[in-house]
Protein chains: 2
Amino acid sequence: MPNNQFKRGELYSFITGKASTAIARRLQKKFNAAGLNITIEQWSVLYHLWKQEGISQQELCNATFRDKPSITRLVDNLEKLNLVKRVASESDRRINMIYLTKQAQKLQEDTMALAEETLNEALETVPADKVDICKEVLQIVYDNLK
Amino acid sequence: MPNNQFKRGELYSFITGKASTAIARRLQKKFNAAGLNITIEQWSVLYHLWKQEGISQQELCNATFRDKPSITRLVDNLEKLNLVKRVASESDRRINMIYLTKQAQKLQEDTMALAEETLNEALETVPADKVDICKEVLQIVYDNLK
DNA sequence: TTTGAATAGTTGCACAAACAACTATATGCC
DNA sequence: GGCATATAGTTGTTTGTGCAACTATTCAAA
């Protein structure tokens with residue numbers, strides 16, 4: 001058995017994701033304090049659209065590691081907030097291309113700054129080489145299970 | 001700036017907790033496949049009650065890193081499933097002491113085995129010393145933000 | 001001892017996730 | 001061309017989360 005060295009408390013933390021939950025909550029509070037009326041989940045969709053917009057909902061599913069109903073409803077809510085719009089594809093009418101509004105483009109800089117700030121607070125006092133190893137392990141975990 | 005070395009994809013993963021989400025999903029599937037009719041969140045409450053039962057809902061809040069309404073509803077659902085029962089404290093009538101049923105006691109062995117199995121799959125190919133560093137970093141992150 | 005603050009728990013609301021079942025469109029094979 | 005199958009997206013249901021507002025009980029200080 002390769003890694004059967006789990007003590008109980010640690011097993012619990014790994015499964016429940018205490019650390020990432022804490023990071024997400026802190027970031028959400030920063031959004032709220034800044035008067036940015038979006039959720040972390042909505043931000044995670046915008047995050048990928050800032051990298052490339054005009055992608056399909058299915059591509060958003062893959063990018064955000066969510067299923068199709070989740071993306072449908074996140075896009076619904078982002079549309080209500082006037083942050084994205086669905087545009088039916090000309091070549092394949094099953095597909096919605098998702099585009100950012102000007103309002104959403106304005107959000108990028110502020111929210112990314114708050115995200116970096118949050119991670120800096122989270123990783124304060126952690127040496128950079130340990131952070132690297134941690135990122136590496138989490139990536140392998142994801143690849144092992146996806 | 002201590003740890004401002006985030007590349008974008010990594011920032012995203014840290015905040016969204018891709019790895020822990022993947023672990024939780026895998027474990028949920030194992031529960032379902034084994035015919036164990038409980039959610040990961042319900043399991044996380046039972047997990048602490050197996051260590052010590054007869055604790056208050058507030059103590060469950062602290063242990064599971066959830067707020068009071070979340071615990072109220074998780075205990076509601078666990079009670080519907082006949083896995084726990086609320087017992088009003090004699091000394092302080094505001095407090096519910098939460099006790100396990102026999103049915104819940106039977107669940108411990110099987111679910112813990114599936115949880116360990118899941119973590120072994122997740123951490124296959126990861127050297128033990130890197131796992132230790134990862135656990136350490138995640139603990140510091142949690143302590144920095146809580 | 002009474003009154004105000006703190007604590008334990010519950011309820012309502014909005015948002016999100018997982019699953020199953022559904023519609024609409026496209027594709028490929030005969 | 002026509003039908004089976006795959007793909008893109010939507011909807012309904014159950015469960016969970018976070019926040020605010022609420023009730024009940026306890027505690028502490030005037």
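The analysis underlying the following values was restricted to heavy atoms, covering all of them including side chains, and did not include hydrogens, waters or symmetry mates. Throughout, protein chains are lettered first and strands after them, A, B, ... in sequence-line order, and every chain is numbered starting at 1.
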* Asked: Do any side-chain nitrogens or oxygens of A/Arg86 fall under 4.0 Å of OP1 or OP2 in D/dT10?
  ->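 So the side chain of A/Arg86 is within the cut-off, an N or O lying under 4.0 Å from OP1 or OP2 of D/dT10.
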* Considering just the side-chain nitrogens and oxygens of A/Gln57, establish if one lies under 4.0 Å of OP1 or OP2 belonging to D/dT10. =>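 For D/dT10, OP1 or OP2 has a side-chain N or O of A/Gln57 closer than 4.0 Å.
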What does [X] touch in the nucleic acid at a heavy-atom separation under 4.0 angstrom: a base, only the sugar-phosphate, or nothing?
| X | result |
| --- | --- |
| B/Arg73 | base |
| A/Thr39 | sugar-phosphate |
| A/Gln42 | sugar-phosphate |
| B/Lys29 | sugar-phosphate |
| A/Ile71 | nothing |

* State, to 0.1 Å, how close A/Tyr12 and B/Ser44 come at their nearest heavy-atom pair, and which atoms those are. =>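 Between these two residues, the closest heavy atoms are CE1-CB, 3.6 Å.
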* **Non-hydrogen atoms of B/Ser20 and A/Phe14 that approach each other most closely** =>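 What the structure gives for the nearest pair is CB-O, 3.7 Å.
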Report the distance from atom [atom1] of [X] to atom [atom2] of [N], rounded to the nearest whole Å.
| X | N | atom1 | atom2 | value |
| --- | --- | --- | --- | --- |
| B/Asp67 | D/dA21 | CG | P | 15 Å |
| B/Leu74 | C/dG9 | CG | P | 14 Å |
| B/Gln58 | D/dT25 | CD | P | 18 Å |
| B/Ile55 | C/dG9 | CD1 | P | 10 Å |
| A/Ile38 | C/dA14 | CD1 | P | 20 Å |
| B/Phe31 | C/dC19 | CZ | C1' | 18 Å |
| B/Ile98 | C/dA8 | CD1 | C1' | 11 Å |
| B/Gln28 | D/dT15 | CD | C1' | 10 Å |

* Among the candidates D/dT26, D/dT15, C/dA17, find the nucleotide nearest to the side-chain atoms of B/Arg93. =>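 Selected nucleotide: D/dT26.
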* Measure from the side chain of A/Arg25, starting at C-beta and using heavy atoms only, and say which of D/dG16, C/dG9, D/dG18 lies closest. =>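 Looking only at heavy atoms from C-beta outward on A/Arg25, the closest nucleotide is D/dG18.
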* Is a donor on one side and an acceptor on the other found under 3.5 Å between the side chain of A/Asn82 and the backbone of A/Thr101? ->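 Side chain of A/Asn82 to backbone of A/Thr101, a donor-acceptor pair under 3.5 Å: no, none is there.
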* Asked: For B/Asn37, does the CG atom have more than 12 heavy-atom neighbours from other residues, nucleotides or ligands under 6.0 Å away?
  ->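 Not more than 12 within 6.0 Å, no.
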* To do: Take atom NZ of A/Lys85 as the centre, draw a 6.0 Å sphere, and report whether it contains more than 12 heavy atoms from other residues, nucleotides or ligands.
  =>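 Incorrect, the count does not exceed 12.
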* Asked: Counting only distance, no hydrogens or angles, is the base of D/dT7 paired donor-acceptor with the side chain of A/Arg94 under 3.5 Å?
  ->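 In this structure, the two groups form a donor-acceptor pair.
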* If you pin A/Ile40 and B/Lys68 to their nearest nucleotides in DNA chain C, which one's is more 5'? ->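 Closest to the 5' end, via its nearest nucleotide, is B/Lys68.
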* Asked: On DNA chain D, nearest-nucleotide positions of B/Pro69 versus A/Asp76: which is more 5'?
  ->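 Its nucleotide being nearer the 5' end, the pick is A/Asp76.
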* Asked: Quick one: on DNA chain D, does B/Asp92 or A/Asn96 contact a more 5' nucleotide (nearest heavy atom)?
  ->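 Taking each residue's closest nucleotide, the earlier one in sequence belongs to A/Asn96.
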* Should A/Asp76 and A/Arg86 count as an ion pair when the cut-off is N to O under 4.0 Å? ->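 A salt bridge links A/Asp76 with A/Arg86.
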